[in-house]
Protein chains: 2
Amino acid sequence: MVSKALGKYVQSLHQKKYRLRHGAFLVEGGKSVLELLSSDLEIEHLLVTPEFASQNRAQLPARLPRTEASETELTQLGTLATNTTALAVARLPAEKPLPPTLPESALLLALDEVRDPGNLGTLLRLADWYGLPGVVLSPGCADPYSPKTVAATMGAFARVPVWERSLADWLPGLPPTVDIFGADLAGDNVHHLALRPQGVLVMGSESHGLTPSVAASLRRRLHIPRGAGGAAESLNVAISAAILLDNFFRNQ
Amino acid sequence: MVSKALGKYVQSLHQKKYRLRHGAFLVEGGKSVLELLSSDLEIEHLLVTPEFASQNRAQLPARLPRTEASETELTQLGTLATNTTALAVARLPAEKPLPPTLPESALLLALDEVRDPGNLGTLLRLADWYGLPGVVLSPGCADPYSPKTVAATMGAFARVPVWERSLADWLPGLPPTVDIFGADLAGDNVHHLALRPQGVLVMGSESHGLTPSVAASLRRRLHIPRGAGGAAESLNVAISAAILLDNFFRNQ
């Protein structure tokens, strides 16, 4: 049984305002909760069905406060259409300093006003696949700790560091030796380049592209060639990022 | 003003059952409606706000039955969070025959039980970008004419032919000269191949991968390499398809 107070607290975390006020966020579904348990994120509460608890005894640390909940309760308290396994409240991690040498030694992804939580989550999952050191988010991006984003990361929320930066301020201040890449229809065909994963790859919002001041700070413009008979005007932001990242990592 | 009968008809098309019964589907939002108008799909009804009508006079054919609607009406009748422009009812196109020589001369995408309409729409958009001749859908896929799929295609619904086939029956019957590609962790590293866009690329559902009988009909297995420090277990189905397609089209 979930107490009324805990239920209200969990439901308040659907909203960003309360996530910030309480410094906590929700992780929903068995797979995501198991990813959380194997990370170094701090857990406040664990709500599990008896079945999930017995099936995952080894992964559930005894010292953690744990509440048994029915599938109905988990579904009512959370945001998923149905949740038959588990839900956790985790502490929002403190933002670590962004190592200033980073964009010279590895590739960072920077997102400019990516407002859709599903796209943001898919992009974090992609950063996790390629082992990027982290993702820089402009203040206009979706909240990386919203339930929809967390679900779309498929566990990457627990591994990929994020930093919030005004890209218009941060990018121009990077040393001139750092490549700042962005997608541009008039850019270089990525199939003809031998890109290496160093610098910053900036991706803009799907509907509006890069904001003008961010577009002006690009140092290298890249273009994904369309098929000969292709008619689509553009690609989804996460799809474009995936194709670009594969082109960065194919020359290693 | 939208009549009660037309309103009820439009709302019935949210459901697949009524789309099949009436042989019609919904296209929502100004951009998608303009794509529909420039296609050869047949239009039954056009519901437009006065503002959209006056801004797009040239594209709105005089012979089409047209109803003026308020933004509130469009939003109430449709499935979008808000619709301030237009909504159309189009006839479901008849499935054209699948040219039997196709998979030898061009690359077809085949989807095995891709149930998420957003993923399906993104995959159709991708097929449109690369100019694929069409997409083969297993009966368990999401409906390509559901409002969510149509929205996610960003106009590709009006250009990319789809065929429904049992993949377990269709794939083994293809001539032995046709390559049938699929993603497999134990497959060949795509970065080391010089793939050409001919044959069939089969993508499975995100949660369950390919169904066993479909997996057994693959003739070439491909693997997208993960980054050295990467930890994600897998990629989203549309993301994987995008990376694979870019690898097919980079050698032209």
Side-chain angles (χ1 to χ4, degrees), chain A residues 31 34-35 38-39 106-107 116 118-119 121-134 152-160 189-193 197 206-207 224-252, chain B residues 31 34-35 38-39 106-107 116 118-119 121-134 152-160 189-193 197 206-207 224-252:
Chain A
K31 199 179 168 308
L34 291 175
E35 298 270 14
S38 68
S39 77
L107 187 69
D116 180 81
N119 279 339
T122 305
L123 286 159
L124 292 172
R125 181 177 177 191
L126 202 51
D128 193 26
W129 176 267
Y130 284 104
L132 305 190
T153 69
M154 298 292 281
F157 73 91
R159 287 184 294 264
V160 177
N189 179 339
V190 287
H191 293 169
H192 300 155
L193 302 172
E206 193 159 341
S207 10
I224 300 170
R226 187 159 66 174
E233 271 175 36
S234 64
L235 291 167
N236 166 285
V237 56
I239 294 282
S240 302
I243 295 173
L244 291 175
L245 287 172
D246 187 66
N247 275 275
F248 274 98
F249 280 87
R250 65 182 297 124
N251 304 306
Q252 288 208 296
Chain B
K31 199 179 169 309
L34 291 175
E35 298 271 13
S38 68
S39 77
L107 187 69
D116 180 81
N119 279 338
T122 305
L123 286 158
L124 292 172
R125 183 178 176 189
L126 202 51
D128 192 27
W129 176 266
Y130 283 104
L132 304 190
T153 68
M154 297 294 280
F157 72 92
R159 288 184 293 264
V160 177
N189 180 339
V190 286
H191 292 169
H192 300 157
L193 303 173
E206 193 160 341
S207 10
I224 299 170
R226 187 160 67 175
E233 269 175 38
S234 64
L235 291 167
N236 165 285
V237 57
I239 294 282
S240 302
I243 295 173
L244 292 174
L245 287 172
D246 187 66
N247 276 275
F248 274 97
F249 280 87
R250 66 181 299 123
N251 304 308
Q252 288 208 295

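Letters A, B, ... are given to chains in the order of the sequence lines, protein chains preceding strands, and every chain is numbered from 1.
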Check whether any side-chain heavy atom of N247(B) lies under 4.5 Å from a side-chain heavy atom of R250(A), and answer yes or no. yes

Results of ring-ring contact (aromatic ring centres under 6.0 Å, His included) for F248(B) - residues two or more places apart only: F181(B)

Could you tell me which residues satisfy side chain to side chain donor-acceptor pair (under 3.5 Å) with D116(A), sequence neighbours excluded, listed by chain and number? none

Tell me whether R226(B) contacts the main-chain N or O of G131(A) through its side chain, where contact means a donor paired with an acceptor under 3.5 Å. no

Donor-acceptor pair, side chain of R159(A) and main chain of G230(B), under 3.5 angstrom: no

Side chain, backbone, both or neither of S240(B) within contact of chain A (heavy atoms, under 4.5 Å): neither

Within this structure, what is the CD-CD distance for the pair E233(A) and E35(B), rounded to the nearest 0.5 Å? 6.0 Å

Using a 4.5 angstrom heavy-atom cutoff, name the option from H191(B), H192(B), M154(B) with the most pairs to chain A. H191(B)

Can you tell me how far CG of D246(B) sits from CD1 of I243(A), rounded to the nearest 0.5 angstrom? 5.0 Å

Just so I understand: if I count every heavy-atom pair under 4.5 Å between each of A231(B), A152(B), G229(B), A242(B) and chain A, which residue has the most? A231(B)

Hey, what do you get for CG (L245(B)) to CD1 (I224(A)), rounding to the nearest 0.5 Å? 12.0 Å

Of A241(B), P225(B), A228(B), A156(B), the largest count of non-hydrogen pairs under 4.5 angstrom with chain A goes to P225(B)

Given that the side chain runs from C-beta out, which part of T153(A) has a heavy atom under 4.5 Å from chain B: side chain, backbone, both or neither? neither

